[in-house]
Amino acid sequence: KVILIVDDNSFNLLVAQKSLEDYGFSTFMAYNGKEAIEVVQQLHSESISPSLILMDLEMPVMDGIEATKVLIKKMQDKEVAEIPIVGLSANDSEIIMKSCLDAVMSKYCRKPLMDKDLLDLLKEYGLISEESNS
């Protein structure tokens, strides 16, 4: 199973990548929303569809909200497969959460995403079994 991690912070990317690989996932990374769209399209052209996208909200070039709107449109137009997108932000204001819902993100999680939170998220989306523990 493949997960796309999108974050402009290299440390956050590496931490998430390490945790996900420990659970047996392959990961792809993007540093902004524009790169995330390009990665999803490239993977789609290779008949690979991420099982989940972890999308930071605040990034340069293109933020996570805008990237999600573009990806949702591509999913609706069947240009790419449907992929749950989880918005991540250290800011948990009502405005941020509403922006995630308005962009049709599947869920919003506060950063940093601790191992237990990540494990719960993977279980919620059926990507690992309920019995899995680290």
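Not measured: the values here are computed from a predicted model.
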Walk me through whether Leu71 and Ile85 qualify under side-chain contact (heavy atoms from CB on, under 4.5 Å). CA-CA 9 Å; Leu71 286 169; Ile85 302 173; 4.1 Å; yes

Any chance you could measure Ile37, atom CD1, to Gln41, atom CD, to the nearest 0.5 Å? 7.0 Å

State the CE-CG distance between Met105 and Leu88, to the nearest 0.5 angstrom. 8.0 Å

Out of curiosity, does Leu118 fall in the hydrophobic cluster containing Val15 (side-chain heavy atoms, cut-off under 4.5 Å, transitive links)? no

Heavy-atom closest pair, residues Tyr23 and Asp115: OH-O, 3.9 Å

What I'd like to find out is whether the side chain of Tyr31 reaches to under 4.5 Å of the side chain of Ser10, using heavy atoms alone. yes

Between Ser45 (side chain only) and Gln42 (backbone N and O only), is there a donor and an acceptor less than 3.5 Å apart? yes

Rounded distance [0.5 Å steps], CD1 in Ile72 versus CG in Asp77: 11.5 Å

Taking the side chain from Lys1 and the backbone from Leu127, do they hold a donor-acceptor pair closer than 3.5 Å? yes

Are the side chains of Met59 and Val6 in touch, meaning some heavy atoms are under 4.5 Å apart? yes

Is there a side-chain contact between Leu20 and Thr27, using heavy atoms and a 4.5 Å cut-off? yes

Tell me the closest heavy-atom pair linking Gly33 and Ala67, and the distance in Å. CA-CB, 3.5 Å

What do the steps show when you test Gln17 against Glu21 for side-chain contact (heavy atoms from CB on, under 4.5 Å), and what is the final call? CA-CA 6 Å; Gln17 179 185 35; Glu21 287 177 353; 3.3 Å; yes

Starting from the C-alpha separation in whole Å, work towards a yes-or-no answer on side-chain contact (heavy atoms from CB on, under 4.5 Å) for Asp8 and Asn32. CA-CA 6 Å; Asp8 60 325; Asn32 60 59; 5.8 Å; no

A side-chain contact here means heavy atoms from C-beta on lying under 4.5 Å apart; do Leu113 and Leu121 qualify? yes

Donor-acceptor pair, Ser51 side chain versus Ile3 backbone, under 3.5 Å? no

Under 3.5 Å, side chain of His44 to main-chain N/O of Glu79, donor-acceptor pair present? yes

Could you check whether any side-chain heavy atom of Ser89 comes within less than 4.5 Å of a side-chain heavy atom of Tyr108, counting everything from C-beta outward? yes

Joint cluster assignment, Val39 & Met55, ILVMFWY side-chain distance < 4.5 Å: yes

Using the rule given for side-chain contact (heavy atoms from CB on, under 4.5 Å), can you reason through Ser49 versus Leu43, listing the C-alpha separation, both sets of side-chain angles and the distance that settles it, and then say yes or no? CA-CA 6 Å; Ser49 181; Leu43 290 172; over 6 Å; no

First locate atom CG of Leu122, then atom CZ of Phe25, and finally report the distance between them rounded to the nearest 0.5 Å. 4.5 Å

Distance-minimising heavy-atom pair for Leu57 and Gly87: CD2-CA, 4.0 Å

Polar side-chain atom of Glu66 near backbone of Met62 as donor-acceptor pair, under 3.5 Å: no

OG of Ser106 to CG of Leu52: how many Å apart, nearest 0.5 Å? 7.5 Å

Rounded to the nearest 0.5 Å, what separates atom CE in Met29 from atom CG in Leu54? 12.5 Å

For Met114, side-chain contact (heavy atoms from CB on, under 4.5 Å) partners two or more places apart: Pro112, Asp117

Single-linkage hydrophobic cluster Val80~Ile48, side-chain heavy atoms < 4.5 angstrom: yes

